[in-house]
Amino acid sequence: MIPPHTRRSTLDYGKIFRGLTNFIPLTQLSAYRQMGWENLTSVSEFFLLGLSEQPEQQEVLSGLFLFMYLVTVGGNLLIILAIIADAHLHTPMYFFLANLSLADSCFVSTTVPKMLANIWIQNQTISYAGCLSQLYFFMLFVMLEAFLLAVMAYDRYVAICYPLHYIMVMSPGLCVLLVSASWIMNALHSLLHTLLMNNLSFCAERKIPHFFCDINPLLSLSCTDPFINELVIFTIGGLAGLVCVLCFIISYARIFSTILKIPSIQGKRKAFSTCSSHLSVVSLFFGTSFCVYFSPPSTRSAQKGTVASVMYTVVTPLLNPFIYSLRNRDIKSSLRKLIWVSKIHSP
């Protein structure tokens, strides 16, 4: 028979031993969590997976996107130069078009050069600061383009519905105010998204299934709750998008109502031709962007999002110069003069 004091001592040691055996996994788990938290807060780079992981497809894509990028930047810069050089194009409509072309050039330059560089040097990394910078400028120019398209819709509404008061309503001061307000508001809006993204902690999985640092892929990598970020997207971003859409709907509803009242068919065609280019660009840009940012999470996929992103980040800026130049006699005439003058002055 074991003496009572010996039994008590045995039981105490058993409790101590079991406590130690339970304490060791807890301390290991705490250490692992601490190491994991340190990894979360010390993210230095991300990996952009791009459009394809197969080398043969990457070569084709790099050549295709390089061609599209050069055509986009060259075409938009030609439109800007033509508008600046021709005094007949110093009107509100072409002032907004020049700003849209500038936004398109900056828009495509935010994403495509980095993607091409990653393919050429076979390095998919992008620094944490570089990723947030890319996100900021991407959000800036995508929203700026939306605002400029809305301003151009209002300009067409005044031109068609109130042609006699057009010059008085669309004064130079108002045009500069509309463009400046678009730049300032979207710069602050992009800064808000970037600061909120900087407050998130990211998991060890830092692979972004995209060719640039977009907001939705980054949120999917977050290990902290991105509720505030998503709330800002659907409130402030949704409100900005709603304002632009309402501007389009109201402007074009009045435009179509005015066009239908024109007695001659030729007059209807002439009035509609002044806004058909803008309407086609709006449909392409907003149709693809809303599919990316405001689709339900259950129906959202990385592949569909990437394809839609290519449409409005690369294809739309590429098509804008062709849509506005090929269907606009004034732009075509100014481009011919610009090319003719450059030939004369070339050695």
Side-chain angles (χ1 to χ4, degrees), residues 68-69 71-80 82-83 89 91-108 141-161 170 178-179 182 240-260 262 265-295 307-335:
M68 295 171 67
Y69 174 72
V71 172
T72 301
V73 175
N76 282 292
L77 290 181
L78 278 177
I79 289 181
I80 295 174
I83 293 174
L89 300 183
T91 61
M93 181 180 71
Y94 294 110
F95 173 72
F96 297 136
L97 179 57
N99 281 273
L100 181 65
S101 297
L102 177 61
D104 281 334
S105 300
C106 298
F107 187 24
V108 73
F141 292 118
V142 70
M143 292 303 299
L144 178 62
E145 181 151 353
F147 272 62
L148 289 176
L149 290 173
V151 169
M152 294 175 73
Y154 174 73
D155 173 75
R156 292 298 84 204
Y157 155 71
V158 176
I160 294 176
C161 298
M170 300 303 296
L178 290 173
V179 172
S182 299
L242 181 63
V243 170
C244 294
V245 171
L246 287 178
C247 184
F248 297 134
I249 294 175
I250 295 174
S251 297
Y252 277 103
R254 297 294 302 272
I255 287 172
F256 290 147
S257 176
T258 302
I259 290 176
L260 292 176
I262 298 176
I265 298 178
Q266 185 177 1
K268 292 180 179 180
R269 290 178 179 177
K270 184 178 180 180
F272 183 75
S273 63
T274 61
C275 59
S276 59
S277 300
H278 177 260
L279 186 60
S280 58
V281 172
V282 167
S283 302
L284 180 62
F285 177 79
F286 275 88
T288 53
S289 59
F290 269 82
C291 289
V292 174
Y293 295 105
F294 297 99
S295 60
V307 173
S309 297
V310 170
M311 289 297 297
Y312 80 91
T313 59
V314 181
V315 177
T316 300
L318 172 68
L319 294 179
N320 285 355
F322 294 99
I323 293 175
Y324 281 106
S325 62
L326 296 179
R327 304 182 65 177
N328 190 304
R329 295 180 180 178
D330 295 332
I331 291 290
K332 288 191 291 185
S333 176
S334 297
L335 288 175

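Because only heavy atoms are used, hydrogens play no part in the values below, and waters and symmetry mates are left out as well, while side chains stay in.
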For this session: Keeping the roles fixed (side chain from Ser257, backbone from Ala253), state whether a donor-acceptor pair exists under 3.5 Å.
Result: no
Exercise. Does Ser277 reach the main-chain N or O of Ser273 with its side chain, forming a donor-acceptor pair under 3.5 Å?
Worked result: no
Exercise. Under the ring pair (Phe, Tyr, Trp, His ring centres under 6.0 Å) test, which residues partner Phe147, sequence neighbours left out?
Worked result: none
For this session: Look at the rings of Tyr252 and His278 and say which category their plane angle falls in: under 30° parallel, 30 to 60° tilted, over 60° perpendicular.
Result: parallel
Problem set entry | Contact check, side chains of Val310 and Met68, non-hydrogen atoms, under 4.5 Å | no
Problem set entry | Minimum-distance pair of heavy atoms, taken over all atoms of Cys244 and Ala146 | SG-O, 3.8 Å
For this session: Just jot down the side-chain hydrogen bond (donor to acceptor under 3.5 Å, both in side chains) partners of Thr72, sequence neighbours excluded, or say none.
Result: none
Exercise. Does Ile265 CD1 have over 12 foreign heavy atoms under 6.0 Å away?
Worked result: no
For this session: Specify the closest pair of heavy atoms between Leu178 and Met170, including all atoms of both residues, with the distance to one decimal.
Result: CD1-CE, 4.5 Å
Exercise. So, for Thr258 and Cys161, which heavy atoms are closest and what is the spacing to 0.1 Å?
Worked result: OG1-SG, 3.2 Å
For this session: Drop me the distance from Leu100's CG to Leu148's CG, to the nearest 0.5 angstrom.
Result: 6.0 Å
Seminar exercise, completed: On a heavy-atom basis, the closest approach of Cys247 and Ala150 is SG-O, 3.3 Å
For this session: Hey, could you give me the CZ/CZ distance between Arg156 and Phe272, rounded to the nearest 0.5 Å?
Result: 13.0 Å
Problem set entry | Over all atoms of both residues, closest heavy-atom pair of Ala271 and Ile262 | CB-CD1, 3.9 Å
Exercise. Taking it one step at a time, do Ile80 and Leu102 satisfy side chain to side chain contact (heavy atoms under 4.5 Å, CB included)?
Worked result: CA-CA 7 Å; Ile80 295 174; Leu102 177 61; 4.0 Å; yes
For this session: Can you see which heavy atom on Ile83 is nearest to which on Tyr94, and at what distance?
Result: CD1-O, 3.3 Å
For this session: Under the side-chain hydrogen bond (donor to acceptor under 3.5 Å, both in side chains) rule, collect the residues that match up with Arg269, sequence neighbours excluded.
Result: none
For this session: Answer yes or no: is there a side-chain heavy-atom contact under 4.5 Å between Ile160 and Cys275?
Result: yes
Exercise. Distance from Phe141 atom CZ to Thr313 atom OG1, nearest 0.5 Å?
Worked result: 14.0 Å
Exercise. What is the distance from atom CD1 of Ile323 to atom OG1 of Thr316, rounded to the nearest 0.5 Å?
Worked result: 8.0 Å
Problem set entry | Atom pair CD1/CG of Ile331 and Leu97 - distance to nearest 0.5 Å | 5.5 Å
For this session: Measure the shortest side-chain to side-chain distance between Leu149 and Val281 over non-hydrogen atoms and say whether it is less than 4.5 angstrom.
Result: yes
Problem set entry | Side-chain heavy atoms of Phe107 within contact of Leu144, under 4.5 Å | no
Exercise. Got a second to check how far Phe285's CZ is from Ser280's OG, nearest 0.5 Å?
Worked result: 13.5 Å
